[in-house]
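Residue numbers count from 1 along this sequence. Computed from a predicted model, the values in this text were never measured in an experiment.
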Amino acid sequence: MPESRWPSARLDLGFARSQFPALSSDWAFMDNAGGSQVLAVVVDRIREYLTTSNVQLGASYGVSVLAARRQREAQASVAEWLNAHDPCEVVMGPSSTMLLQTLARGLAPSLGPGDEIVVTRVDHESNIGPWMALESRGVTVKVWEFDRERYVLDLERLERLMTPRTRLVAVTHASNILGAIVPVAEIARRVHQRGAQICVDGVAYAPHRAIDVRAWNVDYYVCSFYKVFGPHHAVLYGRRDRLLALANQYHYFIPEDRIPYKLQPGNPNYELSYGAAGIADYLVALGERAGAAPGDSRRARIEAAYAGIARHEAALAARLLEFLASRQAVRLLGPPTADPAVRVPTISFVVRGVTPDTIVGATDRRRIGIRHGDFHARRLVEALDLDPASGVVRVSLVHYNSIREVDRLIDVLSGVLPASR
């Protein structure tokens with residue numbers, strides 16, 4: 001993992017919290033897997049764009065030239081955050097769901113009867129539904145089941161599913177319910193050995209660990225900025241050669257080699273793209289406070305930031321997991337460990353004899369934001385033999401949360417969950 005380069009990295013929590021205006025309220029935000037709070041620098045950049053360069057790109061006059069330069073800056077910043085080879089490998093769009101649908105439509109003409117796609121039971125529906133829809137073209141979709149005792153995807157099961165006709169494996173990087181981290185680099189290696197491609201949903205992973213699409217050698221990787229402290233916007237990374245091979249999703253006269261343009265029908269949202277560039281700037285500053293030297297590369301400082309994030313989040317997760325383990329009525333869904341190599345601090349559970357809405361109602365009254373439901377991972381919830389209507393209780397922490405906030409939550413839960421005997 002990249003953070004192993006920074007074994008002594010520490011998070012400057014005071015600095016981190018000072019960068020999020022919403023944290024000045026008395027709410028404790030623990031529904032971050034649904035949407036994180038937004039950085040001040042992101043808000044400032046959006047305002048700057050709208051007030052000084054809110055024109056269409058491509059003209060010769062000065063403000064249009066400025067707008068185009070800012071879009072190139074945004075592409076480069078996001079590519080740096082992902083550790084992509086080239087800014088043209090960055091496709092911006094309104095949501096991860098929409099970008100995965102765009103990707104599926106772009107791949108569709110190259111697929112036909114007898115071709116196979118593998119999806120998992122643990123993914124968000126955004127990385128299942130678009131591939132299932134290709135069954136109408138004669139594509140066979142296989143489901144990679146998970147180990148229901150250990151909450152992991154077994155690699156040997158994947159090996160048995162793949163055949164010479166496997167064209168794509170779609171997999172999450174971290175479950176948005178189980179919190180379990182999936183070994184993407186090893187899966188990519190095995191998938192490529194079979195001559196197939198891999199598409200990774202990194203939405204639930206990206207707020208917690210450094211992304212390195214180059215080191216992992218993935219073909220496609222998608223994540224949402226609004227869950228990584230930015231605006232309601234998203235990005236699809238694709239290897240340059242892969243994007244070039246996709247069918248054009250824009251007007252017929254757009255050249256096939258115009259990437260990412262041919263995959264952004266209607267153009268991306270300019271001000272949100274420019275705002276998203278503030279995420280990398282924040283991580284660079286956070287990384288300097290975590291132990292990286294100002295002379296280190298921006299990428300190195302981003303990795304140092306995530307190392308500090310992982311360490312702090314592990315402490316948060318350990319506190320909550322220890323409490324939940326002390327209550328016999330609690331069924332934890334996901335790894336019982338806080339080890340940052342195993343899980344992210346997205347912690348879901350159900351309680352025997354207590355409905356999820358009862359628990360969430362109690363936290364609502366104490367101004368603690370959590371949530372219950374299936375979180376659009378309905379196939380997973382059904383596989384766990386749970387009612388999708390009530391689903392699971394999910395506490396999704398990020399680095400700006402504090403031990404004090406977790407203790408506030410535990411105090412509320414202590415009054416709602418049955419005491420162990």
Side-chain angles (χ1 to χ4, degrees), residues 1-23 29 32-33 35-45 73-74 76-84 90 173-174 181 184 202-216 221 223-231 235 237 275-317 338-341 343-346 396-403 405:
M1 296 173 63
E3 52 265 29
S4 65
R5 295 177 50 196
W6 308 95
S8 61
R10 292 289 189 277
L11 177 74
D12 184 338
L13 182 60
F15 171 78
R17 289 182 64 87
S18 73
Q19 304 305 299
F20 293 87
L23 300 187
F29 296 102
N32 298 292
S36 65
Q37 296 308 304
V38 182
L39 288 158
V41 66
V42 169
V43 176
D44 291 344
R45 290 176 70 96
E73 176 189 324
S77 176
V78 174
E80 174 185 58
W81 175 56
L82 299 171
N83 203 28
V90 171
H173 203 158
I181 296 174
V184 160
V203 171
Y205 182 91
H208 309 289
R209 305 288 184 271
I211 302 172
D212 197 338
V213 294
R214 199 182 313 185
W216 301 329
Y221 196 96
C223 52
S224 297
F225 297 123
Y226 74 98
K227 299 183 181 183
V228 196
F229 327 120
V235 60
Y237 159 83
I279 298 170
D281 291 343
Y282 164 70
L283 290 168
V284 167
L286 193 64
E288 290 177 5
R289 289 163 175 80
D296 287 336
S297 70
R298 282 175 57 88
R299 176 66 196 180
R301 284 178 274 174
I302 288 171
E303 291 179 3
Y306 274 109
I309 285 171
R311 184 183 298 272
H312 175 70
E313 289 181 344
L316 299 177
D339 184 343
R343 68 140 59 239
V344 297
T346 299
S396 47
L397 306 167
V398 292
H399 73 282
Y400 55 61
N401 290 122
S402 67
I403 288 289
E405 289 178 327

Engineer: Please name the pair of heavy atoms, one in Ala315 and one in Ile403, separated by the smallest distance, quoted to 0.1 Å.
Structural biologist: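 Closest heavy-atom pair between Ala315 and Ile403: O-CD1, 3.9 Å.
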Engineer: Contact between Phe229 and Gln19 at the side-chain level, heavy atoms closer than 4.5 Å - yes or no?
Structural biologist: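 With C-beta onward as the side chain, the pair stays apart.
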Engineer: Let's go through Cys223 and Val235 carefully: what are the C-alpha distance in whole Å and the side-chain angles of both, what is the deciding distance for side-chain contact (heavy atoms from CB on, under 4.5 Å) to 0.1 Å, and is it a yes or a no?
Structural biologist: CA-CA 6 Å; Cys223 52; Val235 60; 3.7 Å; yes
Engineer: Treating Tyr400 as the side-chain partner and Ser18 as the backbone partner, does any N or O pair qualify as donor plus acceptor under 3.5 Å?
Structural biologist: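 Pair absent, no side-chain N/O of Tyr400 close to backbone of Ser18.
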Engineer: Check whether any side-chain heavy atom of Glu313 sits under 4.5 Å from a side-chain heavy atom of Val398, and report yes or no.
Structural biologist: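 The answer is yes, as the side chains (C-beta and beyond) meet within the 4.5 Å cut-off.
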Engineer: Please report the interatomic distance CD(Glu303) to CG(Asp296), rounded to the nearest 0.5 Å.
Structural biologist: 10.0 Å
Engineer: Kindly indicate whether the side chain of Trp81, heavy atoms from C-beta on, has any atom under 4.5 Å from the side chain of Val228.
Structural biologist: yes
Engineer: Can you name the nearest heavy-atom pair linking Gly308 to Ala9, along with the distance?
Structural biologist: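 Heavy atoms of Gly308 and Ala9 come nearest at N-CB, 3.7 Å.
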Engineer: May I ask you to decide if Gly291's main-chain N or O and Arg10's side chain share a donor-acceptor pair within less than 3.5 Å?
Structural biologist: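 The answer is no, because no donor-acceptor pair under 3.5 Å joins these two groups.
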Engineer: Does the pair Asp281 and Arg45 meet the rule for a side-chain contact (heavy atoms from CB on, under 4.5 Å), with working shown?
Structural biologist: CA-CA 11 Å; Asp281 291 343; Arg45 290 176 70 96; 3.5 Å; yes
Engineer: Taking the side chain as everything from C-beta on, heavy atoms only, tell me whether His173 gets closer than 4.5 Å to Ile211.
Structural biologist: no
Engineer: Please round to the nearest 0.5 Å and tell me the distance separating atom CD1 of Ile309 and atom CG of Leu283.
Structural biologist: 5.5 Å
Engineer: For Arg301 and Ala293, work out which heavy atoms get closest and say how close.
Structural biologist: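 Of all heavy-atom pairs spanning Arg301 and Ala293, the closest is CD-O, 3.9 Å.
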Engineer: Ignoring hydrogens and angles, tell me if any N or O in the side chain of Arg209 forms a donor-acceptor pair with the backbone of Pro340 under 3.5 Å.
Structural biologist: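 Yes, Arg209 side chain to Pro340 backbone: donor-acceptor pair under 3.5 Å.
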Engineer: Tell me whether Arg289 contacts the main-chain N or O of Ala285 through its side chain, where contact means a donor paired with an acceptor under 3.5 Å.
Structural biologist: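 Yes, because the side chain of Arg289 sits within donor-acceptor range (under 3.5 Å) of the backbone of Ala285.
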Engineer: So, Asn32 side chain and Ser396 main chain: donor-acceptor pair closer than 3.5 Å or not?
Structural biologist: yes
Engineer: Is Asn401 reaching over with its side chain to a backbone N or O of Phe29, donor-acceptor style, under 3.5 angstrom?
Structural biologist: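 Here the side-chain-to-backbone pair exists.
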Engineer: Does a side-chain heavy-atom distance below 4.5 Å link Val42 with Phe225?
Structural biologist: no
Engineer: Mind checking the OG-CD spacing from Ser402 to Glu405? Nearest 0.5 Å is all I need.
Structural biologist: 4.0 Å
Engineer: Output the distance between atom CG (Leu13) and atom NE2 (His312), rounded to the nearest 0.5 Å.
Structural biologist: 4.5 Å
Engineer: Would you say Ile181 and His208 make side-chain contact, with heavy atoms under 4.5 Å?
Structural biologist: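 No; the side chains remain at least 4.5 Å from each other.
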Engineer: Does any part of the side chain of Trp6, heavy atoms only, come nearer than 4.5 Å to the side chain of Arg311, both counted from C-beta?
Structural biologist: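 Answer no - side chains too far apart.
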Engineer: So which atom in Gln37 and which in Ala22 form the shortest heavy-atom distance, rounded to 0.1 Å?
Structural biologist: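 Looks like OE1-CB, 3.0 Å.
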Engineer: If you apply the rule side-chain contact (heavy atoms from CB on, under 4.5 Å), what do you find for Leu286 with Leu11, and how did you get there?
Structural biologist: CA-CA 8 Å; Leu286 193 64; Leu11 177 74; 3.8 Å; yes
Engineer: Report the distance from atom CZ of Arg214 to atom OH of Tyr237, rounding to the nearest 0.5 Å.
Structural biologist: 8.5 Å
Engineer: How far apart are the closest heavy atoms of His399 and Ala16, and which atoms are they?
Structural biologist: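 Nearest pair, atom of His399 first, then Ala16: CD2-CB, 3.9 Å.
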Engineer: Atom OG in Ser77, atom CG in Leu82: separation rounded to 0.5 Å?
Structural biologist: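 Interatomic distance, Ser77 OG to Leu82 CG, rounded to 0.5 Å: 9.5 Å.
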